[in-house]
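Quick notes on the structure that follows.
Letters A, B, ... mirror the listed sequences (proteins, then strands); counts begin at 1.
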There are 2 protein chains.
Amino acid sequence: MRADAERSTARILEAAEAVLAVHAGASLERIADEAGLARATVHRRFASRQALLDALVEQLNQRYARALEQARVATAPPVAALEHVSEIVFELKITHPFVIGLDAEQSPEVRAGIELLFARLRHAGEITASGSDWCRAVYLSLMTEVHLLPDDAPDLVAAGSRAALLTKAVLGALRLAGPPCSTRNDDRHSG
Amino acid sequence: MRADAERSTARILEAAEAVLAVHAGASLERIADEAGLARATVHRRFASRQALLDALVEQLNQRYARALEQARVATAPPVAALEHVSEIVFELKITHPFVIGLDAEQSPEVRAGIELLFARLRHAGEITASGSDWCRAVYLSLMTEVHLLPDDAPDLVAAGSRAALLTKAVLGALRLAGPPCSTRNDDRHSG
DNA sequence: TTTAAATGCAACACTGCTGCCGCAGTTACG
DNA sequence: CGTAACTGCGGCAGCAGTGTTGCATTTAAA
């Protein structure tokens, strides 16, 4: 494939990500417009709308997987890993409501990575929620909301970064029952 | 208007709520099908698709407003009010992702009611988040996720009810900074 | 029972999107 | 430079959804 063709493919995926995040049912014309290309070119790279969507989901899943890998989800301290993953994802500006809204959803690898992360958080006593689906749902859901916050939102400013706000919110939401102030490695109960 | 016509209108709204919750772009044919009516009948009650959507949003907003009123958001203890509102909403099986997804979103009254609720929670020291948009976003977002949980989800069983799980999760998520175990009316720090 | 209203059915035109094609102009790469 | 690939443009048919209409039938209500 020629170099400019490859560029076009990338631009299409980029445009699709941006446009579909705002309106999931956006037309290929709109996507082609955003990419600065003709609609026919989109059809030349992707046989059908579905093919484009599939490619987009795969690309996003690869980014998720890479983020999980970079954050060393399996080995790093779990809270740090959670914040690190969030940070990378926000840098990538991944548009979650779109990806999650698709039938394909996350790949098994990504799914497993997130589940591992929350299993480790639970084992470390940082959260008490036991359902992996519930943990994933809360995480991705709050990620979307944090992503939509304006830059000058007070809570965002207070937390310092989107990743920090998301991390605190997720941990708080999943720290359900039990003594509200004690984690399992509790060594600061008198301040 | 004749009685059966009124029934039809109600069935259409009911069907629309159910169908659009699953697929926001569902056709009027699909909605009419679900309602057990002909598509033409839908058009007789609602001049356009947009008119149906508007009516649906208004209906749902009325239910929200009523729920906020019933829970005495302005006067009852805020945590109890939060759980009470959630309980009523879950009983109504209101389909949030659809309502929230619409441009119209919530009515000013509902918006104000929710903001009041979280302002009181903040004043009572139950949460520390200061942005009302952030509070509302977290609440509605988690409400959707709790709504989608299967009946036998472990965290749901542990919490006792959807309303209880949602309440704990929301409060946890919005209790961001500061000492993790002390509320402002803190009188139990040594057990 | 009588009457007006509501519905079901089956068309119809219109719109927007998709997928495809050919042609001419442009661009990358040997 | 020359060729092959890529792109833009425009048009085409097909399809799904919307909005409307007419007519026969059913149903609520006086």
Inset, instruction - Run the numbers on A/Gln50 and A/Ser48 for side-chain hydrogen bond (donor to acceptor under 3.5 Å, both in side chains), then give the verdict. - result: CA-CA 5 Å; A/Gln50 192 55 48; A/Ser48 69; over 6 Å; no
Inset, instruction - Apply the test side-chain contact (heavy atoms from CB on, under 4.5 Å) to residues B/Leu52 and B/Leu13: give CA-CA distance (whole Å), side-chain angles for both, the deciding distance (0.1 Å), then the verdict. - result: CA-CA 8 Å; B/Leu52 170 59; B/Leu13 287 172; 3.9 Å; yes
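In this structure, B/Arg7 atom CZ and C/dA5 atom P are separated by 18 Å, rounded to whole Å. Between A/Asp33 atom CG and D/dC9 atom C1' there is a gap of 14 Å when expressed in whole angstrom units. Following rounding to the nearest Å, B/Met1 (CE) and D/dA29 (C1') show an atom-to-atom distance of 15 Å. C/dA6 atom P lies 7 Å from atom CG of B/Asp4, rounded to whole Å.
Rounded to 10°, the angle separating the first-five-pair axis and the last-five-pair axis of the helix from C/dT1-D/dA30 to C/dG30-D/dC1 equals 40°.
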Check: residues 66-73 of chain A side-chain donor-acceptor pairs under 3.5 Å, at least two apart:
none

Considering only distance and modelled atom types, tabulate donor-acceptor pairs under 3.5 Å from the side chains of residues 80-93 of chain B, sequence neighbours left out.
{"residue": "B/Ser86", "atom": "OG", "partner": "B/Leu82", "partner atom": "O", "Å": "2.8"}
{"residue": "B/Ser86", "atom": "OG", "partner": "B/Tyr139", "partner atom": "OH", "Å": "2.8"}

Legend entry - Sugar-phosphate or base contact per nucleotide [nucleotides 16-26 of chain C; S, B, -; heavy atom under 4.0 Å]: -SBBBBB----
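For A/Ala5, counting side-chain heavy atoms from C-beta on, the closest listed nucleotide (D/dG8, D/dC6, C/dA6) is D/dC6.
Sequence neighbours left out, the pairs with a member in residues 143-165 of chain A that pass salt bridge (charged side-chain N to carboxylate O under 4.0 Å, His left out) are A/Asp151-A/Arg162. Among residues at least two apart or in separate chains, salt bridge (charged side-chain N to carboxylate O under 4.0 Å, His left out) pairs with a member in residues 14-25 of chain B are B/Glu17-B/Arg63.
Using a 4.0 Å cut-off between charged nitrogen and carboxylate oxygen, B/Asp133 and B/Arg136 count as a salt-bridge pair.
No contact: A/Arg30 has no heavy atom under 4.0 Å from any strand.
Of the possible polar contacts, none joining the B/Arg175 side chain to the B/Ile127 backbone as a donor-acceptor pair under 3.5 Å is found.
When the side-chain nitrogen and oxygen atoms of A/Ser8 are compared with OP1 and OP2 of D/dC6, none of them lie within a distance under 4.0 Å.
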